[in-house]
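This report refers to the structure that appears directly beneath it.
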Amino acid sequence: MEKYKLGDIATVEISGVDKKMKDGEKEIRLCNFVDVYYNWAITTARYDSFMFASANPNEISKFQLKKGQVALTKDSETRDDIGIPTYIADDFDDVILGYHCALITPNKAFLDGRYLNALLHTDYAKKYFACNASGSGQRYALSVEALNSFPVPIIPLREQKRIGEIFSALDKKIELNRQINQNLEAMTKQLYDYWFVQFDFPNEEGKPYKSSGGEMVWNEKLKRKIPKGWDNCTLEYFLTIKNGRDHKHLAEGVYPVYGSGGEMRRVNENLYRGESVLMPRKGTLNNIMYVDEAFWTVDTMFYSEMKVPYCAKYIFFAIKDIDFTRWDSGTGVPSMTASTLYNLPMIKPHKDLLKRFDKTITPIFYKMKQIRVECEELTKQRDELLPLLMNGQVSVNSDLSHD
């Protein structure tokens, strides 16, 4: 397999377009470091998520995103975060690549963008970038010279396109699943708001309670009206808060370990099994999570055991949008105490309504979990297939590659 330097079969440009709005420049949308880092491909579906900024005519000409290009992260605090690519899957009229990133425009006679994107995701590329990054300690960067010198294994263009099609198809399915889950999450939030914020839960006749004239009573502790027969309480009424523990001594296994940013790894022991609401104790205080499985959680997190049946999902929605930073008890790293959480004022609905809400929303939660598992399996398949296709251990069937 012949290898070419990337600079001989593509144009590499380093972006310096910042996030500022400057007088006299044209308003544009900016595709930032995080957009590149977290996406296998950039499509028009992401357009509304791009931030507003401005750019001059030269920057627009050089860094406007066009179908077939590849963007990658150029510098970061760690070696592992540089050289992360994404494929530009659509043409954009006013989306510009932001700084800390490089834009690669392949010569289409030699190099397919989707193939290059797949190649840059391999360990082969990661090792090259790690060895050729400049800097130490504070920040690592890839120079234009290092990028231009990257050795690209060239196979026939037809084979490149087949490989690119396979990974694009996998990524489209993963992205579709994520969009479905986003819609399902929005649906569950709407149901919670409908029942417990607007108080239009179904009454005995199946009609919306408040809108159908259901009696509302002033609650002095909550300083608001709530449905007749409901009460106020604190979070302590619903659950018991417990501390997470260190996981470094645990061997790899099947049980997820949760930190404030989500799942961190999987270990061979579980700390708790069942429904729980996880609440950060230090760090990012607002990342509230609902879990329904056997799990471990880190020592900077609280987990909870439910005292009241069928209340976990209600609690999750009731506290997830609270700004916990206003109660920060830390003097450096943001911190939260169990006593502060226990004393959060809560609306106390009838227990039978909590059961009805849980029964209504559980199938949606189950579907979201199935989709997350499918995304994990597809991602695993993609990552395992990647080196096999790139080094020729597996060949592409031309008929199957279009399915």
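The basis for the numbers below is simple: all heavy atoms, side chains too, and nothing from hydrogens, waters or symmetry mates.
In this structure a side-chain-to-backbone donor-acceptor pair under 3.5 Å is present from N203 to K207. Formation of a donor-acceptor pair under 3.5 Å by the Y290 side chain with backbone atoms of L278 is not found in this model. Side chain of K307 to main chain of E236: a donor-acceptor pair is present (N/O by atom type, distance under 3.5 Å, no hydrogens or angles). For R356 (side chain) and P202 (main-chain N/O), a donor-acceptor pair under 3.5 Å exists by modelled atom type. Put simply, the side chain of N286 gets close to the backbone of F324: a donor and an acceptor are under 3.5 Å apart. With S304 contributing its side chain and S276 its backbone, the two residues share no donor-acceptor pair below 3.5 Å. When atom types are taken as modelled, the side chain of S61 and the backbone of P57 share no donor-acceptor pair closer than 3.5 angstrom. Without hydrogens or angle criteria, Y192 side chain to F316 main chain gives no donor-acceptor distance under 3.5 Å. T73 places no side-chain N or O within donor-acceptor distance of the main-chain N or O of Y37, the cut-off being under 3.5 Å. The closest donor-acceptor contact from the side chain of S15 to the backbone of L97 lies under 3.5 Å.
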Apply side chain to side chain contact (heavy atoms under 4.5 Å, CB included) to D35 and N32, showing your working. CA-CA 5 Å; D35 300 308; N32 280 315; 3.6 Å; yes
Kindly determine whether T362 and K313 satisfy side chain to side chain donor-acceptor pair (under 3.5 Å), including the steps that lead there. CA-CA 9 Å; T362 291; K313 299 179 186 70; 3.3 Å; yes
Between L285 and D323, does a side chain to side chain contact (heavy atoms under 4.5 Å, CB included) hold up when you go through it step by step? CA-CA 8 Å; L285 299 181; D323 181 11; over 6 Å; no
Checking K74 against Y99 for the side chain to side chain contact (heavy atoms under 4.5 Å, CB included) test, could you report, in this order, the C-alpha distance in whole Å, the side-chain angles of both residues, the deciding distance, and whether it holds? CA-CA 9 Å; K74 182 193 73 71; Y99 64 175; over 6 Å; no
Apply side chain to side chain contact (heavy atoms under 4.5 Å, CB included) to Y87 and K67, showing your working. CA-CA 8 Å; Y87 175 68; K67 183 176 181 179; 4.2 Å; yes
Apply salt bridge (charged side-chain N to carboxylate O under 4.0 Å, His left out) to the pair K223 and E220, showing each step before the final yes or no. CA-CA 5 Å; K223 303 297 183 185; E220 185 60 29; 2.2 Å; yes
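Under 4.0 Å is where a charged nitrogen must lie from a carboxylate oxygen, and between E377 and K380 no such pair does. Taking the charged nitrogens against the carboxylate oxygens, K20 and E25 have no contact shorter than 4.0 Å, which rules out a salt bridge. Between D193 and K189 there is a salt bridge, since at least one side-chain N of the basic residue sits less than 4.0 Å from a carboxylate O of the acidic one. Classification of K161 and D112 as a salt-bridged pair fails, no side-chain N sitting under 4.0 Å from a carboxylate O.
Pairing each heavy atom of L72 with each of G83, the nearest pair is CD1-CA, 3.6 Å. Counting all heavy atoms, side chain and backbone alike, S168 lies closest to R114 at OG-CD, 3.0 Å. When all heavy atoms are compared, the tightest approach of M289 to G262 is SD-CA, 4.0 Å. Residues C101 and G98 approach most closely at CB-O, 3.4 Å, considering heavy atoms. Residue K248 comes nearest to R265 through the heavy atom pair CA-NH1, 4.2 Å, listed as atom of the first residue, atom of the second, then distance. The shortest non-hydrogen separation linking E293 to P256 is OE2-CG, 3.5 Å.
At least one side-chain heavy atom of P85 sits under 4.5 Å from a side-chain heavy atom of H121. Taking the side chain as every heavy atom from C-beta outward, F150 and L119 approach each other to under 4.5 Å. In this structure, the side chains of V95 and R46 stay at 4.5 Å or more apart for every pair of heavy atoms. Side-chain atoms of L378 and N177, non-hydrogen and from C-beta on, do get closer than 4.5 Å to each other. The closest side-chain heavy-atom distance from L111 to L6 is below 4.5 Å. For the pair L250 and Y255, the minimum side-chain heavy-atom distance is 4.5 Å or more. Residues K66 and T105 form no side-chain contact, since every pair of their non-hydrogen atoms from C-beta on lies 4.5 Å or further apart. Considering only heavy atoms from C-beta on, E77 comes within 4.5 Å of R139 through its side chain.
Rounding to the nearest 0.5 Å places CD of E145 at 11.5 Å from CG of N132. Here the straight-line distance linking atom CG of N219 with atom CD1 of I347 works out to 8.5 Å at 0.5 Å rounding. In this structure, L157 CG and R162 CZ are separated by 11.0 Å, a value rounded to the nearest 0.5 Å. Summarising the geometry, atom CE belonging to M264 is positioned 13.0 Å from atom CH2 belonging to W296; distances are rounded to the nearest 0.5 Å. Put simply, CG on D75 and CD1 on I82 are 8.5 Å apart, with the number rounded to the nearest 0.5 Å. Taking CG of L65 as the reference point, atom CG of D93 lies at 11.0 Å (rounded to 0.5 Å).
With 3.5 Å as the limit, one finds no donor-acceptor pair spanning the side chains of T86 and N39.
Both tests pass for K348 against the ring of Y237: distance under 6.0 Å to the centre and angle within 45° of the axis. Cation-pi geometry between R29 and Y47 is satisfied (NZ or CZ under 6.0 Å from the ring centre, within 45° of the ring normal).
For Y258 and Y303, the ring centers sit 6.0 Å or farther from each other. Ring centroid separation for the pair Y310 and F357 does not come in under the 6.0 Å cut-off. Between Y209 and F201, a ring centre-to-centre spacing shorter than 6.0 Å is recorded. Within the 6.0 Å centre-distance limit, the rings of Y314 and F196 are counted as a close aromatic pair.
Atom CZ of R245 is surrounded by 12 or fewer heavy atoms from other residues, nucleotides or ligands within 6.0 Å. Summarising the local packing, CD of E204 is surrounded by 12 or fewer heavy atoms from other residues, nucleotides or ligands at distances under 6.0 Å.
F317 and F365 have perpendicular rings, their planes meeting at more than 60° on a 0 to 90° scale where under 30° would count as parallel.
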